[in-house]
Colleague: 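Can you read through this structure? Questions will come right after.
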Amino acid sequence: MTSSSSNAPGGAATAELAASQQGTGEPERSPAAASGVEAERAREREFDALRERVELLDVAHDAILVRRLDGVITYWNKGAERMYGIREEDAVGRASHELLRTVFPSPLPAIERSLLEDGHWEGDLEHTTPRGVVIVSSRWVLRRGPSGSPEAVFEINNDITARKAAERERDRQTAVLRRQAQLLDLAHDAIVLRRFDGTITYWNRGAERMYGYAAAEAIGARSHELLRTRFPAALSEIDAALRADAHWQGELEHTRRDGGTVVVESRWVAQPDVDEAQALIMEINTDITARKEAELLRSEQQQELIRLQATAIAELSTPLIPITDHVVVMPLIGVLDTRRAGQAMDTLLGGLSSSGATVAIIDVTGVKIVDTKVADALLRVAQGARLLGAEVVITGIRAEVAQTMVSLGVDLQEIATRGTLQGGIAYALARAGARGIFATSRAAPPP
């Protein structure tokens, strides 16, 4: 607290504060104070008013100090004691910039020139105290005497250390996010941030390259409308899975700006524990168009290979062997079911049509079982051969097969049969000769 002595630091501060409040170096006197007693009472009343003002300054949370032009402190309020941890008696009489080791935003002479020219200055300062570094928002007001010459500086400091720390942390996080965004832009994949309603809020350079839309064109648009997305399932089902699991993965088909299509492997991750209206979805799309085209080509090639293999197997299982230019043999071995009988018919009729053969020998020596459907198929083969102008000879019917055919009531009276393949060939050659056909072996040299 201040004392009533004008020579004490508090008294000097009181006089300076009175002058700064009234704008003059002398207290205002009552015109009615004619006697010495009345003048003394007026001075006491003025002093009480000034003391009240000083007490209010001590209540203030800010650090308030008064210093001479040379920087020596003449007043130091309770707020300054709390802020800096320095008592009034240790501060008054000391040069403020040395006491607080002030760090200025610009050279001190330039600040002092601005203060003398404008009568005030404002800026951020860094002070070092026993408790550590304090950053303040400082406001300086120049007090002038009756003649207009500068006399003292009234300084108010507001502690903004926490705010500056928060700003630095925010700047640091912003720098980190900026670097991360730069890394996202380096990614080959398309990375998109969007709301649940599809509104795009971020569009990296990978998305620009993949789809042909600049970020300025994409941001604010609805992603599924912009890219005309085709989904593997209903969008409502996908959204439901995303809400339940906070992620989804699948293949999508998108349309680029140039009208071309791109197939992507898409991964969606939803921001958890956030109101849906504010939540964001990160979507990462990898272009798999070339891979899908390669897979389709491989599938087509595999199907063609399977078809060729099936054809080769069918030909091997039902081979058609020429004996002469007009006699062919088809040996059948193994199980002769309905499907294989159909293959045999197709092979035989196709061979007869292309070769012009007139006698076809079907050898069933290697067939153990013949059922009604197979026997019926053999009869239809014979009928088909006759329609092409050829005769069918069946050879090699074993005893058990013959018994089965008899029990099944199969009628082969219209079809020539022989017990062995050799007998069938001899019959076929004789039939060809009877028709006036010159039959020669393919292996025999010309006469």
Side-chain angles (χ1 to χ4, degrees), residues 300-398 400-402 404-405 408-435 437-444:
E300 292 175 349
Q301 291 174 341
Q302 185 175 14
Q303 292 300 320
E304 178 64 14
L305 179 61
I306 291 173
R307 186 188 67 79
L308 293 175
Q309 289 174 341
T311 301
I313 291 171
E315 290 175 352
L316 289 174
S317 64
T318 55
L320 190 64
I321 304 171
I323 299 300
T324 68
D325 289 338
H326 299 285
V327 178
V328 295
V329 176
M330 176 181 284
L332 299 177
I333 300 173
V335 177
L336 186 62
D337 55 15
T338 303
R339 182 185 62 81
R340 192 172 175 209
Q343 288 179 350
M345 174 180 252
D346 293 340
T347 301
L348 180 61
L349 296 183
L352 291 174
S353 178
S354 61
S355 68
T358 57
V359 180
I361 302 171
I362 300 177
D363 182 56
V364 295
T365 304
V367 177
K368 296 181 180 180
I369 300 175
V370 176
D371 59 14
T372 304
K373 292 182 179 180
V374 172
D376 182 64
L378 290 174
L379 292 176
R380 286 189 286 108
V381 169
Q383 293 170 355
R386 282 199 296 269
L387 291 175
L388 294 177
E391 181 181 358
V392 173
V393 180
I394 298 178
T395 64
I397 300 178
R398 298 186 304 124
E400 56 268 28
V401 173
T404 301
M405 296 180 73
L408 293 174
V410 177
D411 186 5
L412 297 179
Q413 291 183 358
E414 296 182 0
I415 301 176
T417 60
R418 291 293 183 270
T420 64
L421 176 60
Q422 292 87 343
I425 292 173
Y427 172 81
L429 293 175
R431 290 291 295 171
R435 294 188 179 190
I437 299 173
F438 181 74
T440 60
S441 173
R442 288 181 182 270

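Being a predicted model, the structure only gives us computed values, none of them experimental. Both backbone and side-chain heavy atoms feed into the values below; hydrogens, waters and symmetry mates do not.
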Colleague: Which residues pass the side-chain hydrogen bond (donor to acceptor under 3.5 Å, both in side chains) test with Thr365, sequence neighbours left out?
Modeller: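 Thr365: side-chain hydrogen bond (donor to acceptor under 3.5 Å, both in side chains) contacts with Asp363.
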Colleague: Write down the atom of Gly424, the atom of Val393, and the distance for their closest heavy-atom approach.
Modeller: CA-CG1, 4.3 Å
Colleague: Search all heavy atoms of Ala390 against all heavy atoms of Ala357 and return the closest pair with its distance.
Modeller: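 Distance-wise, the nearest heavy atoms are CB-O, 3.8 Å.
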Colleague: Under the side-chain contact (heavy atoms from CB on, under 4.5 Å) rule, collect the residues that match up with Leu379, sequence neighbours excluded.
Modeller: Val410, Leu412, Ile415
Colleague: What's the spacing between Ile361 CD1 and Ile321 CD1 if we round to 0.5 Å?
Modeller: 10.5 Å
Colleague: Which residues satisfy the side-chain contact (heavy atoms from CB on, under 4.5 Å) test with Glu300, sequence neighbours excluded?
Modeller: Leu296, Leu297
Colleague: What are the two closest non-hydrogen atoms of Val359 and Arg431, and how far apart are they?
Modeller: CG2-CB, 4.5 Å
Colleague: Please give me the minimum heavy-atom distance between Ser354 and Gly351, naming the atom from each residue.
Modeller: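 Heavy-atom minimum between the residues: OG-O, 3.2 Å.
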Colleague: Ile425 and Val327: side-chain contact (heavy atoms from CB on, under 4.5 Å), yes or no, with the steps?
Modeller: CA-CA 8 Å; Ile425 292 173; Val327 178; 5.9 Å; no
Colleague: Run the side-chain contact (heavy atoms from CB on, under 4.5 Å) test on Thr420 and Arg418 for me, step by step, so that the C-alpha distance in whole Å, both residues' side-chain angles and the decisive distance to 0.1 Å come before the verdict.
Modeller: CA-CA 6 Å; Thr420 64; Arg418 291 293 183 270; 5.8 Å; no
Colleague: Determine which pairs satisfy salt bridge (charged side-chain N to carboxylate O under 4.0 Å, His left out) with at least one residue from residues 381-390, sequence neighbours left out, and list them in order.
Modeller: Arg386-Glu414
Colleague: So which atom in Leu388 and which in Ser353 form the shortest heavy-atom distance, rounded to 0.1 Å?
Modeller: CD1-N, 4.4 Å
Colleague: Please find the pair of heavy atoms, one from Val329 and one from Ile323, that lie closest to each other, and give the distance.
Modeller: CG2-CG1, 3.3 Å
